[in-house]
There are 2 protein chains.
Amino acid sequence: MISHGNNRKLLTPEREALILEALGNGVRTISELAATLQVSEATVRRDLRTLEQRGALQRVHGGAVRVDDGEKREPLFHEKTTLRADEKERIAEAALGLIEDGDSIYLDGGSTVLALARKLSSRHELTVVTNSLMAAAELMESGHKLILLGGEFRPLSRTLVGPLTSPIGEALHIGKAFFGTIGLTASGVSTTDPGEAFTKKLILGRAEQAILLADSGKIGRTSLVDAGKLDDFSCLVTDSGASPDFLKILKKHRVEFIIA
Amino acid sequence: MISHGNNRKLLTPEREALILEALGNGVRTISELAATLQVSEATVRRDLRTLEQRGALQRVHGGAVRVDDGEKREPLFHEKTTLRADEKERIAEAALGLIEDGDSIYLDGGSTVLALARKLSSRHELTVVTNSLMAAAELMESGHKLILLGGEFRPLSRTLVGPLTSPIGEALHIGKAFFGTIGLTASGVSTTDPGEAFTKKLILGRAEQAILLADSGKIGRTSLVDAGKLDDFSCLVTDSGASPDFLKILKKHRVEFIIA
DNA sequence: CAAATTCTTTCATAAACTTGCAAAAATAAA
DNA sequence: TTTATTTTTGCAAGTTTATGAAAGAATTTG
């Protein structure tokens with residue numbers, strides 16, 4: 001049992017953990033949870049909403065039920081990787097369908113692309129180029145040919161970014177490049193770090209096909225730095241949350257899309 | 001639990017270490033941390049900001065949570081059990097003495113050099129260039145500037161090797177380069193993989209000082225590919241098992257040596 | 001269909017965060 | 001040593017975010 005002996009106010013992640021624990025395998029009402037956590041029902045509702053977004057539980061009228069996938073004890077605290085985990089999983093699965101044995105592909109940073117990396121053991125003789133240390137770690141023992149872009153290490157995303165990636169990037173020929181992003185709008189993709197944007201654009205210019213993996217939560221969001229126009233991409237893989245309006249925009253730019 | 005018996009003021013890195021320790025696997029509020037460390041909340045916020053930048057934790061409103069350590073390090077870290085661990089440890093310690101704050105250094109692959117990488121937290125503001133994924137994983141959260149050589153991944157040594165390392169290698173200026181090796185004789189160092197030899201020679205040509213870390217077991221052994229002459233190195237760090245005869249050869253080639 | 005409950009939205013307030021600035025400490029220079 | 005310069009720290013003003021309450025919309029239930 002997670003206890004909070006000292007009765008200081010709980011932080012959001014703690015509350016979320018307690019909610020999930022309280023749910024166990026069953027059902028809890030809003031008022032029960034509010035009483036247990038000593039917060040208002042409004043706050044419980046807000047927490048439940050984000051947890052549902054994350055795929056950790058399912059809301060029902062009056063409360064919530066747990067969708068226990070067996071081994072989900074850990075994900076409480078590192079939300080970044082598990083945000084919208086279900087959508088990302090499905091998106092990665094759909095992207096996998098675009099890859100054939102013998103392909104030479106590029107993997108960008110980001111958790112959605114990382115989910116794709118985990119699935120690559122079902123293909124053979126790939127040449128995988130990447131700037132993501134997480135993806136590289138995943139593929140170390142895969143048997144595929146693995147090439148890392150060199151460059152400056154960016155701790156937050158665990159990727160190699162910036163101008164130093166360009167000499168090696170320019171030496172490579174890439175068939176299909178799979179990108180993640182922070183924000184996606186009609187004017188293109190954007191990301192937080194200039195170095196990251198630089199490297200994205202570099203690879204965008206060298207790949208025969210550029211495929212963007214982005215859950216619908218990314219659509220409509222913008223970040224600091226522009227990292228490529230919509231026209232630069234040949235395909236977007238997203239989930240069913242994408243608005244029809246945005247899909248219309250994609251058509252206008254001749255970007256195919258796959259709803260996973 | 002945290003304690004810092006003597007009540008002198010803590011230095012920033014000490015505070016950061018204590019914050020990480022306090023977080024353990026859980027979550028702490030700003031005010032808790034401020035009370036524990038006896039500094040203002042503003043300072044805690046600043047520390048948390050840099051630690052988040054460094055990827056060591058994640059901030060939430062009101063405090064911070066630890067980004068689970070176990071999962072991120074494990075995959076990169078499965079290391080073959082090191083032979084002659086004691087010697088390697090001492091050699092690494094001696095090599096550490098050659099590094100000063102602000103230096104720009106290169107770390108090659110191999111377990112001895114990896115041992116050196118683990119000690120680098122006692123230095124500040126280093127620029128570390130490496131072709132070793134093990135070393136990179138070790139230094140991810142160190143706060144040092146980290147640059148990876150790009151290139152083809154060699155699973156056995158977990159390093160990046162071959163011709164693709166040359167464009168980026170040629171763009172860098174390196175002060176002190178630390179190398180490992182398989183074999184070391186009067187005619188120079190040798191290694192098993194041609195790609196690895198290529199990259200060693202590349203960096204050898206670009207570093208102001210080349211320092212070889214090799215336990216005495218390596219002396220007298222040869223491997224497949226030549227990877228540099230004795231004259232290319234300015235210093236060898238080894239253990240007391242090195243034969244006087246070989247030390248005489250070193251002197252003739254004007255290679256300094258340190259017996260750790 | 002109506003009553004009751006639950007949900008969403010909006011808003012006010014309190015807590016937490018960011019930024020800029022000045023004092024204090026540490027470091028370098030004289 | 002003293003003095004100057006840089007860095008770090010704490011404080012305060014303004015901004016943002018989270019929370020709980022309240023009113024209207026939606027859903028369930030009899």
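Heavy-atom basis, side chains included; hydrogens, waters and symmetry copies ignored. Residue numbers start from 1 in every chain, and the chains themselves are labelled A, B, ... in the order their sequence lines are given, proteins ahead of strands.
- Rounded to whole Å, atom P of dT19(D) lies 15 Å from atom CD of Gln38(A).
- How far OG1 of Thr43(A) is from CZ of Arg46(A): 5.0 Å, rounded to the nearest 0.5 Å.
- Rounded to an integer number of Å, the gap from NE2 of His61(B) to P of dC17(C) is 5 Å.
- Taking atom CD of Glu125(B) as the reference point, atom P of dT6(D) lies 16 Å away to the nearest angstrom.
- Note: NZ (Lys9(A)) to P (dC17(C)) measures 10 Å, nearest angstrom.
- Between Arg59(B) and the phosphate of dT18(C), there is a side-chain N or O to OP1/OP2 separation shorter than 4.0 Å.
- Using a cutoff of 4.0 Å between basic side-chain nitrogens and carboxylate oxygens, Lys201(A) and Glu196(A) are not scored as salt-bridged.
- Checking dT8(C), dA15(C), dC17(C) against the side-chain heavy atoms of Ile30(B) singles out dC17(C) as nearest.
- Side chain of Thr43(A), nearest nucleotide from dG10(D), dC7(C), dT19(D): dT19(D).
- For dA18(D), neither phosphate oxygen OP1 nor OP2 lies less than 4.0 angstrom from any side-chain nitrogen or oxygen of Arg15(A).
- In this structure, Val44(A) reaches neither bases nor backbone, as no heavy-atom distance under 4.0 Å exists between it and the strands shown.
- At whole-Å resolution of the value, CG in Leu11(A) and P in dC17(C) are 9 Å apart.
- A salt bridge links Arg118(A) to Glu138(A): at least one charged side-chain nitrogen sits closer than 4.0 Å to a carboxylate oxygen.
- Under a 4.0 Å N-O distance rule, the pair Asp103(B)/Lys176(B) qualifies as a salt bridge.
- Computed from coordinates, the Arg49(A) CZ to dT19(D) P distance equals 13 Å when rounded to whole Å.
- Atom P of nucleotide dT8(C) and atom CD of Glu41(A) are separated by 13 Å, given to the nearest angstrom.
- Summarising the geometry, the separation between CZ on Arg45(B) and P on dG20(C) is reported as 16 Å, rounded to the nearest angstrom.
- Residue-to-nucleotide contacts include a donor-acceptor pair under 3.5 Å from the side chain of Arg46(B) to the base of dG10(D).
- Between Lys119(A) and Glu93(A) there is a salt bridge, with a side-chain nitrogen of the basic residue lying less than 4.0 Å from a carboxylate oxygen of the acidic one.
- Note on Ser40(A): every side-chain N or O is 4.0 Å or more away from OP1 and OP2 of dT19(D).
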